[in-house]
> 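Here you go, one structure.
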Protein chains: 4
Amino acid sequence: MAQKTAPDSTRRSERSRRAIYDAALALVGEVGYGKMTIEAIAARAGVGKQTIYRWWPSKSAVLLDAFLDLAEQANAQLSEEAGLAEPATDIPDTGDLEADLKYVLRATVDEMTDPKFDAPARALAAEGVVNQELGTEFVERLLEPQLQHYVKRLRRSQDRGEIAAHVDPRIALELWTGPLAQRWMQRTGPLTHAYADTLVEYALYGIAPR
Amino acid sequence: MAQKTAPDSTRRSERSRRAIYDAALALVGEVGYGKMTIEAIAARAGVGKQTIYRWWPSKSAVLLDAFLDLAEQANAQLSEEAGLAEPATDIPDTGDLEADLKYVLRATVDEMTDPKFDAPARALAAEGVVNQELGTEFVERLLEPQLQHYVKRLRRSQDRGEIAAHVDPRIALELWTGPLAQRWMQRTGPLTHAYADTLVEYALYGIAPR
Amino acid sequence: MAQKTAPDSTRRSERSRRAIYDAALALVGEVGYGKMTIEAIAARAGVGKQTIYRWWPSKSAVLLDAFLDLAEQANAQLSEEAGLAEPATDIPDTGDLEADLKYVLRATVDEMTDPKFDAPARALAAEGVVNQELGTEFVERLLEPQLQHYVKRLRRSQDRGEIAAHVDPRIALELWTGPLAQRWMQRTGPLTHAYADTLVEYALYGIAPR
Amino acid sequence: MAQKTAPDSTRRSERSRRAIYDAALALVGEVGYGKMTIEAIAARAGVGKQTIYRWWPSKSAVLLDAFLDLAEQANAQLSEEAGLAEPATDIPDTGDLEADLKYVLRATVDEMTDPKFDAPARALAAEGVVNQELGTEFVERLLEPQLQHYVKRLRRSQDRGEIAAHVDPRIALELWTGPLAQRWMQRTGPLTHAYADTLVEYALYGIAPR
DNA sequence: CTGTAATCGAGACGGTACGTCACGTCTTTAC
DNA sequence: GTAAAGACGTGACGTACCGTCTCGATTACAG
């Protein structure tokens with residue numbers, strides 16, 4: 001099937017791409033996703049509209065790429081600060097599962113609260129709820145890779161007998177990521193460190209009396 | 001301060017209101033929230049645009065009312081089928097907490113899977129992620145009342161010693177509603193009865209070895 | 001065949017129509033037909049683009065109506081100045097055909113030179129050369145009615161024996177309107193009173209020796 | 001003053017030039033002048049856009065050159081058919097002015113009707129009405145040289161006393177070229193041999209009774 | 001039972017943004 | 001250095017809806 005003669009990506013303007021990302025992220029923060037227009041992105045980036053339409057099919061796709069780029073950069077910076085060559089996203093393993101999970105979950109809460117991430121992340125999450133394609137990509141490229149860090153970490157604990165053998169780690173991790181996600185997306189309650197700690201405790205030991 | 005001469009709701013056309021709800025729900029299913037326009041709702045409902053603008057401030061508000069109406073009707077019908085006068089939304093209390101939770105959670109999974117509810121509910125959930133005001137109203141009028149049924153039920157179990165005394169029921173219920181919501185909204189995994197059962201088990205007894 | 005549900009002309013805004021005419025005529029004079037855009041007309045008239053597209057199919061159609069309106073007004077004003085109820089466009093009949101023709105032709109030259117008429121008239125004439133539909137309408141609604149005044153006048157002279165019996169007045173009049181039109185449109189020579197006079201003389205008596 | 005580093009015409013690609021002419025003439029016939037775009041000419045000619053912009057300042061200039069080239073070729077072919085070395089554009093002089101004029105005018109009518117010439121000629125004529133520069137060039141390079149053939153021919157007749165001494169040939173010729181041009185450009189009437197004949201007769205002997 | 005005031009369907013209005021097209025310039029690679 | 005190719009910033013296109021407005025026609029209450 002003939003594509004509409006796909007553009008030649010080797011000749012793509014890097015400077016335009018960056019300017020578009022910056023403009024999109026700035027705008028989604030300033031006016032919100034609904035009122036962010038492609039024309040405004042183009043104007044702010046000092047770029048022709050066609051340059052956006054040439055490389056992305058929709059404004060959600062632009063924002064997704066911009067956000068992924070942002071996440072990547074933030075990650076790279078984090079690793080650098082830690083003086084590491086490899087990405088620093090692994091979940092720590094001090095031998096104390098409860099402490100490790102609380103540590104990571106508190107960091108997640110902090111990130112969810114950071115206004116720099118909040119606006120674009122909400123916009124993408126919202127769009128993903130309604131737009132299957134974008135939602136899938138968002139999950140596959142951003143969310144699931146992060147969740148897999150939990151899977152790895154839980155499996156290590158399971159090998160050591162710190163988690164019951166019958167437990168499926170991929171489901172277990174949802175005991176805390178699910179509630180956190182819900183509070184963030186639906187604002188059903190405050191997102192605090194204490195809340196994160198409680199979730200970890202309930203999840204590890206259950207709510208039935210021991 | 002003078003309101004914009006608020007309309008007189010006693011003279012409101014009931015037939016128009018119903019037609020607008022029907023049109024909105026039909027359209028959100030057919031073309032999706034983003035492409036649903038007020039003009040299309042008006043045209044389909046055989047109604048002037050002003051009749052919509054007179055009574056609702058935005059298309060999300062129309063859809064919210066339409067959906068609440070739908071939920072109400074569905075509820076009423078359910079109660080009627082059960083031959084009850086009062087609404088049938090309470091969580092059963094057979095004395096077996098695990099069984100009761102699994103029963104209700106399976107029903108929730110079924111509802112989330114029902115295409116009649118799926119499209120408008122997703123649209124509203126998505127809009128709520130990004131639009132604080134609508135999100136809050138959605139939660140307050142629809143979600144939180146349902147969650148409170150869990151609180152009531154859990155408290156009863158707690159009084160009987162079936163749940164540890166230190167547990168906060170309002171947080172505990174998120175151990176299963178959170179994961180369910182996340183799978184539904186972000187499509188991070190399949191929504192099945194087996195999954196619902198697993199969530200209840202993990203939540204009750206924890207994932208650490210007993 | 002279903003029209004695209006033609007708009008209701010009884011509800012048309014007269015103020016907008018006038019503003020659009022004024023803007024179109026002003027713009028064609030200032031920037032020329034080629035660079036006159038519908039957006040600019042709309043902006044200058046303080047009108048939405050759709051209001052133009054609702055009532056006219058193209059920018060040439062707008063200009064045609066604007067110009068016809070202008071011609072009508074100019075005509076009405078002329079009649080009024082002369083204190084007449086009927087339109088003053090008839091060709092005089094003093095009994096001296098040569099003098100009458102020269103008089104009218106000189107007036108035509110003056111009009112063709114008047115910058116107020118020149119720009120829009122050129123634009124329409126040009127568009128009509130290339131666009132059959134517009135050209136036909138331009139001729140039928142503006143040019144031919146004026147030519148018919150010559151026909152009437154010539155026929156009267158012919159009845160009196162001042163013009164040879166075998167002559168077809170509709171063709172005869174082209175002996176002077178044709179050259180004038182050509183000099184105006186193609187700029188093949190200057191448009192002066194002397195030139196007009198010469199045309200009348202050559203046409204009446206021929207260029208062969210008598 | 002530095003020209004924009006004028007291109008070196010000795011290295012110009014003849015094949016591209018020809019292809020551009022062909023493409024321009026074909027397109028003006030197929031889609032009309034207004035919808036003929038430089039991009040389309042380039043694409044059809046298998047030529048880069050810059051190759052057009054390097055050698056011509058505007059699309060009207062391209063078409064003008066293309067049309068002049070066409071006219072030249074047609075002329076050369078005509079001469080060749082007649083077995084002549086020199087160009088065959090002079091007006092015949094059989095001694096019978098009326099007959100000679102009718103002969104040439106009938107040929108002009110035929111040419112104006114030939115669809116191969118019609119589309120580009122109209123486009124250029126139209127553009128010339130509105131664009132002084134192009135109009136002047138069109139007249140100087142194409143129209144006026146043809147009119148001068150009449151001047152020469154008329155002067156010869158005048159020397160022989162077949163035309164009144166006081167007549168200005170340059171004006172006289174407009175008695176038939178003007179009407180013809182008008183009928184062609186403004187479509188004010190049919191273009192036939194009979195019409196051409198009538199024009200010649202009226203012009204020679206006048207419309208007043210002799 | 002009839003006036004009268006508000007709601008109703010309809011849709012024109014001034015706008016904003018859409019996604020596309022072509023402009024004329026510029027850069028890259030091949031000849 | 002010219003050529004084909006095509007990405008770029010720019011700006012107009014014609015369309016779709018926005019939310020406001022004005023217009024009769026309908027409707028339901030108050031006199």
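Everything numeric here is computed off the predicted structure, so don't read it as measured data. Side-chain atoms are counted along with the backbone in the values below, which use heavy atoms only and exclude waters and symmetry mates. Letters A, B, ... are given to chains in the order of the sequence lines, protein chains preceding strands, and every chain is numbered from 1.
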> Can you list the residues that meet the side-chain hydrogen bond (donor to acceptor under 3.5 Å, both in side chains) rule with C:Gln50, with sequence neighbours excluded?
none
> Only counting residues at least two apart or in another chain, list the ones meeting side-chain hydrogen bond (donor to acceptor under 3.5 Å, both in side chains) with C:Gln73.
C:Arg18
> Sequence neighbours left out, what passes salt bridge (Lys or Arg N to Asp or Glu O under 4.0 Å) with C:Lys59? Give chain and number order.
none
> Do D:Ile20 and D:Trp56 have side-chain heavy atoms sitting under 4.5 Å apart?
yes
> Determine the sole option in D:Leu25, D:Ile41, D:Val62 for which the side-chain contact (heavy atoms from CB on, under 4.5 Å) test with D:Met36 is passed.
D:Ile41
> Name all residues meeting the salt bridge (Lys or Arg N to Asp or Glu O under 4.0 Å) criterion together with D:Asp118; count only those two or more places apart in sequence or in a different chain, and write none if there are none.
D:Arg122
> Quick one: list whatever passes side-chain hydrogen bond (donor to acceptor under 3.5 Å, both in side chains) with C:Ser16, sequence neighbours left out.
C:Ser13
> Please tell me if the side chains of B:Glu137 and B:Asn131 come closer than 4.5 Å, counting only heavy atoms from C-beta onward.
no
> Quickly work out the B:Ile20 CD1 to E:dC8 C1' distance and round it to whole Å.
11 Å
> Quick check on contacts: within residues 43-63 of chain C, what sits under 4.0 Å from DNA chain F by heavy-atom distance?
C:Lys49, C:Gln50, C:Tyr53
> Please work out which residues in residues 29-40 of chain A have a non-hydrogen atom less than 4.0 Å from an atom of DNA chain E and list them by number.
A:Thr37, A:Ile38, A:Glu39
> Please confirm whether the shortest side-chain N or O distance from D:Ser16 to OP1 or OP2 of F:dA4 is below 4.0 Å.
yes
> Suppose we screen for salt bridge (Lys or Arg N to Asp or Glu O under 4.0 Å). Which residues come up paired with C:Arg15, at least two apart in sequence or across chains?
none
> Residues two or more places apart in sequence or in another chain: which of them pass salt bridge (Lys or Arg N to Asp or Glu O under 4.0 Å) with B:Arg54?
none
> Distance under 6.0 Å and angle within 45° of the ring axis: does D:Arg12 meet both against D:Trp55?
yes
> Sort and list the pairs that fulfil side-chain hydrogen bond (donor to acceptor under 3.5 Å, both in side chains) and have at least one residue in residues 25-43 of chain D, not counting sequence neighbours.
D:Glu30-D:Arg44, D:Glu39-D:Lys49
> Quick one: B:Arg12 CZ to E:dG9 P, roughly how many Å, whole number?
11 Å
> What are the residues of residues 126-134 of chain B, sorted by number, that bring a heavy atom to within less than 4.0 Å of DNA chain E?
none
> Using a 4.0 Å heavy-atom cut-off, write out nucleotides 23-31 of chain F from 5' to 3' as B (base contacted by protein), S (sugar-phosphate only) or - (no contact).
----BB---
> What's the shortest heavy-atom distance between A:Val28 and A:Ala119, and which atoms?
O-CB, 4.0 Å
> Let me know the distance between CD1 of D:Ile41 and C1' of E:dC23, rounded to the nearest Å.
13 Å
